[in-house]
Amino acid sequence: MDANDHGDQAQSPLRRGLMLILSSPSGAGKTTLTRMLLQAQGLDLTLSISVTTRARRSSEVDGIHYNFIGRPQFERMRDGGELLEWAEVHGNFYGTPRAPVDAVLTQGRDVLFDIDYQGTQQVREKVQSDVVTVFILPPSMKELRARLERRAEDSASTIEKRLENARNEIRRWVQYDYVLVNDDIQQTFDELLAILRAERLRRPRQQHGVEAFVGKLLSE
Ligand code: 5GP
């Protein structure tokens, strides 16, 4: 048997699902890495789609990149306890709806989060053992600016605000389990894969499946 196999085990997963949280300042490559992880064959990661009050960028699709909602709806969700975590970032509100995350985790499947350090801290406080956190650093501030300008989706004043905030965010790297410097996107992606593979094999996450396997092994 394969202790990582969760094919038809929706009722009784063989492994506990984990929450893989990626944080970085805007422009460090996190969005690209998230896309690469979601497209990787057989990795079976589900992205947590946040709600936000930020205006949609032209490249974004409502319901795929975010659920774009108004401030009153955000406040209703937050006050009604529907959000696992929430934060104000760059003057907008962002939050993680709790129900879809719970649904994936109970199937023994993993959820990927692209959230900031404030949200990471809140999730960690609530569900410590199921969380793996990774902080992605840009190779230099010059490169970070270049990436934000290349993206050309934000106004000049937004870019300045994001660069200012980046310095504050970068100081939070010490709160994370892993830290990666994204100099080369393929290498950073490979490192993320290595982290995910190792974390999936941690004994507490496999306890249920391996217990059954060992029971059988010892009865042979
Ligand atoms: P952006 O506006 O560039 O899409 O995202 C700005 C920042 O908000 C990023 O650092 C991103 O990780 C963070 N963010 C996105 N969704 C959430 C969320 O649901 N919760 C928290 N705490 N941060 C989020």
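Remember, it's 1-based here, ligands and their atoms both numbered in the order they're listed.
- For the atom pair Ile185 CD1 and Asp190 CG, the distance stands at 11.0 Å (nearest 0.5 Å).
- Taking every heavy atom of Gly95 and a limit of under 4.0 angstrom, the matching atoms of ligand 1 come to 18 (C), 19 (O).
- Near Thr96, meaning under 4.0 Å from any of its heavy atoms, are these atoms of ligand 1: 19 (O).
- Counting heavy atoms closer than 4.0 Å to ligand 1, residue Glu88 contributes nothing at all.
- Legend: residues meeting side chain to side chain donor-acceptor pair (under 3.5 Å) with Ser59, ordered by chain and number and at least two apart, are Glu153.
- Across Ile136, Leu192, Val132, a single residue satisfies side chain to side chain contact (heavy atoms under 4.5 Å, CB included) together with Tyr178, and that is Val132.
- Look at Arg162 and you'll find a heavy atom under 4.0 Å from some atom of ligand 1.
- Within the 4.0 Å heavy-atom cutoff, Lys30 counts among the residues contacting ligand 1.
- Counting heavy atoms only, Glu85 comes closest to atom 18 (C) of ligand 1 of the residues Glu60, Glu85, Glu169.
- Between Tyr66 and Tyr94, the angle of the ring planes lies from 30° to 60°, which puts this pair in the tilted group.
- Using a 3.5 Å distance cut-off with no hydrogens or angles, the side chains of Glu191 and Gln187 do pair a donor with an acceptor.
- Ser26 and Arg162 form a side-chain donor-acceptor contact under 3.5 Å, judged by distance and modelled atom types alone.
- Remark: among candidates Ile115, Thr52, Asp116, the nearest residue to atom 22 (N) of ligand 1 is Asp116, based on non-hydrogen atoms.
- The shortest N/O to N/O separation between His90 and ligand 1 does not fall below 3.5 Å.
- When non-hydrogen atoms are compared, ligand 1 lies under 4.0 Å from neither the backbone nor the side chain of Phe113.
- When only non-hydrogen protein atoms are considered, atom 19 (O) of ligand 1 lies nearest to Ser50 OG, 2.6 Å.
- Each of the atoms 1 (P), 2 (O), 4 (O) of ligand 1 lies under 4.0 Å from some heavy atom of Arg54.
- Between atom CE of residue Met19 and atom CD of residue Gln128 there is a gap of 12.5 Å, rounded to the nearest 0.5 Å.
- Side chains of Arg203 and Gln207: a donor-acceptor N/O pair is present below 3.5 angstrom, by distance only.
- Interface of Gly119 with ligand 1, defined as ligand atoms under 4.0 Å from a residue heavy atom, comprises 22 (N).
- Under the side chain to side chain donor-acceptor pair (under 3.5 Å) criterion, Tyr176 pairs with Ser23, Thr120, sequence neighbours left out.
- The CG atom of Leu20 sits 9.0 Å away from atom CZ of Arg200, with the distance rounded to the nearest 0.5 Å.
- Close contacts of ligand 1 with Ala87, meaning ligand atoms under 4.0 Å from a residue heavy atom, involve 22 (N).
- With respect to atom 5 (O) of ligand 1, the closest heavy atom belonging to the protein is Tyr66 OH, 3.3 Å.
- Evaluated by nearest non-hydrogen atom to atom 14 (N) of ligand 1, the leading choice among Asn165, Asp114, Ile21, Val89 is Asp114.
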